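Working notes, beginning with the structure itself.
Every chain is numbered from 1 and lettered A, B, ... according to where its sequence line falls, protein lines coming before strand lines. Worth saying up front: this structure is predicted, and the values here are computed from it rather than measured.
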Amino acid sequence: MRLSQSLIPTLKETPSDAQIASHRLMLRAGMIRQMASGIYAWLPTGLRVLSKIAQIVREEQDAAGAQEMLMPTIQSADLWRESGRYDAYGKEMLRITDRHERELLYGPTNEEMITALVRDSIKSYRDLPQLPYHIQWKFRDEVRPRFGVLRGREFLMKDAYSFDVDYAGALVAYKKMMLAYMRTFQRIGITAIPMRADTGQIGGDLSHEFHVLAPTGESGVFYDAAFETGDALVETDIEKFYEQMTTIYAATDEKHDTALWDKIPDERRREGRGIEVGQIFYFGKKYSESMGFAVTGADGSKFFPEMGSYGIGVSRLVGAIVEARHDDAGIIWPDAVAPFKAAILNLRQGDATTDAICETLHDQLGADGLYDDRDERAGAKFAEADLMGHPWQIIVGPRGAAKGQVELKRRATGERLELSVQDALAKVLG
RNA sequence: CGGAGCGUAGCGCAGUCUGGUAGCGCACCAGUCUGGGGGACUGGGGGUCGUGGGUUCGAAUCCCGCCGCUCCGACCA
């Protein structure tokens with residue numbers, strides 16, 4: 001893509017309402033624009049990141065055996081009256097009335113809808129377990145939206161729901177999801193830690209929150225160093241994995257247990273800040289019972305399936321990654337979710353040699369390359385590439401170009417290499 | 001939901017106290033020079049001063065209502 005023809009409205013100055021790094025940088029890098037309080041438009045680069053994250057989430061959900069579907073954003077109030085949550089949910093729910101005075105709502109979550117859908121088609125224990133999910137926009141009318149996409153009112157969430165014949169089955173689903181989540185965050189390129197959590201609004205008695213470590217996180221977190229290194233993920237046997245995840249110490253300040261903490265050796269203790277990017281719940285028969293979802297068992301009698309729900313804040317993850325990975329100059333994208341793998345910086349636009357090299361690079365990189373072909377000075381191009389955070393910058397200046405060489409800069413480390421065009425391409429694409 | 005602010009050009013702001021025909025920097029357009037860390041100069045374009053009402057000869061400025069947005073706290077993927 002050519003920068004000169006892109007809708008990437010970067011800003012030199014910080015909009016006054018952006019308080020934290022991710023909000024500031026996402027605005028400055030031209031990824032998002034606020035359209036109303038807590039409601040954002042995703043511009044081309046922002047959408048690229050959002051889509052890449054969603055795709056990783058999708059692949060890991062599929063790998064865990066979940067099935068993708070898509071439920072609507074607008075739901076009927078009647079559905080929520082069945083579970084009793086229409087009145088219980090309170091003002092966070094955006095309620096809408098249509099032209100026929102029918103009561104609707106913009107879904108803040110989908111337990112009711114998925115339970116109704118599965119209830120209408122699954123009648124026998126033989127058809128369980130079921131593990132559907134979707135990636136859809138949600139709306140929660142937060143009292144106080146802030147921090148850009150970290151606490152928006154409208155947000156993109158992956159939510160999966162498990163239906164099992166018994167507790168043992170539900171626990172299997174829970175463990176599978178925990179593994180899928182850890183793999184997802186690892187692939188994205190961030191450290192996230194599962195922590196025991198309250199079940200809140202959803203209800204139930206087993207729940208973990210996943211926190212991305214970032215200095216600006218909203219919660220204080222305490223954890224064992226094992227989570228830092230990724231050692232905790234080496235285990236591939238799901239039972240052993242789950243045991244590790246639930247026995248190695250990790251807790252938010254709300255659930256911090258000083259007695260257990262004191263037993264951890266000093267050198268393994270880590271304190272930091274975390275941003276919650278996911279939560280998983282087991283809540284038993286709460287919805288199957290209240291919504292009358294019973295199936296026939298092997299003995300011919302009816303029973304209520306055991307359920308759980310599993311959320312990942314996809315849009316929030318974008319902000320969380322920026323919080324975790326930025327410096328004074330801008331964003332430092334992990335390779336897996338960067339909007340572009342590399343920026344091509346033509347330091348002498350209009351020079352036949354640099355232009356030709358840049359055109360070659362642009363052709364070869366395809367959708368992974370962003371070609372800064374503007375007639376700007378070198379400094380402006382450097383600053384903007386650093387701001388946007390491309391993992392690689394391919395710097396094409398007249399000096400090197402004469403020798404057929406370009407300079408390859410790694411954003412994360414600042415490391416620079418003088419390479420031939422082909423070697424630079426191989427490194428970026430390899 | 002309690003408390004506190006802010007709305008003036010795309011962005012950042014001054015002007016409001018003390019009423020007199022709206023300004024600065026960046027960005028944008030044209031041109032010249034420049035050319036490896038947001039360069040310089042010259043010339044331009046862009047505003048119902050959030051909105052409705054009131055006071056006044058005259059309102060960005062004073063008064064009242066409304067809307068929007070932000071910050072602190074309590075709550076949350």
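Less than 4.0 Å separates RNA chain B from no heavy atom of any residue of residues 59-74 of chain A.
For the 3.5 Å distance criterion, the side chains of E111(A) and S309(A) qualify, holding a donor opposite an acceptor.
Here Y161(A) and Y287(A) keep their ring centres 6.0 angstrom or further from each other.
Aromatic ring orientation, Y167(A) versus Y282(A): perpendicular (interplanar angle above 60°, classes split at 30° and 60°). Classified by interplanar angle (parallel below 30°, tilted 30° to 60°, perpendicular above 60°), the ring pair Y174(A)/Y242(A) is perpendicular.
Going from the P atom of rA60(B) to that of rG54(B) covers 15 Å, rounded to whole Å.
rA77(B) atom P lies 9 Å from atom NE2 of H211(A), rounded to whole Å.
An OP1 or OP2 oxygen of rG38(B) is reached within less than 4.0 angstrom by no side-chain nitrogen or oxygen of K12(A). Of the side-chain N and O atoms in Q34(A), none sit less than 4.0 angstrom from OP1 or OP2 of rG68(B). Contact between the side-chain N/O atoms of K381(A) and the OP1/OP2 oxygens of rG38(B) is not found at any separation under 4.0 Å.
Partners of K341(A) according to the side-chain hydrogen bond (donor to acceptor under 3.5 Å, both in side chains) rule, which considers only residues two or more places apart in sequence or in another chain, do not exist here.
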Each nucleotide N or O in nucleotides 8-12 of chain B that has a protein N or O under 3.5 Å away: list the pair and distance.
| unit_1 | atom_1 | unit_2 | atom_2 | d |
| --- | --- | --- | --- | --- |
| rC11(B) | O2 | E13(A) | OE1 | 3.2 |
| rG12(B) | OP1 | S16(A) | N | 2.8 |
| rG12(B) | OP1 | S16(A) | OG | 3.4 |

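If you find the closest nucleotide of RNA chain B to P145(A) and to F155(A), the one lying nearer the 5' end belongs to P145(A).
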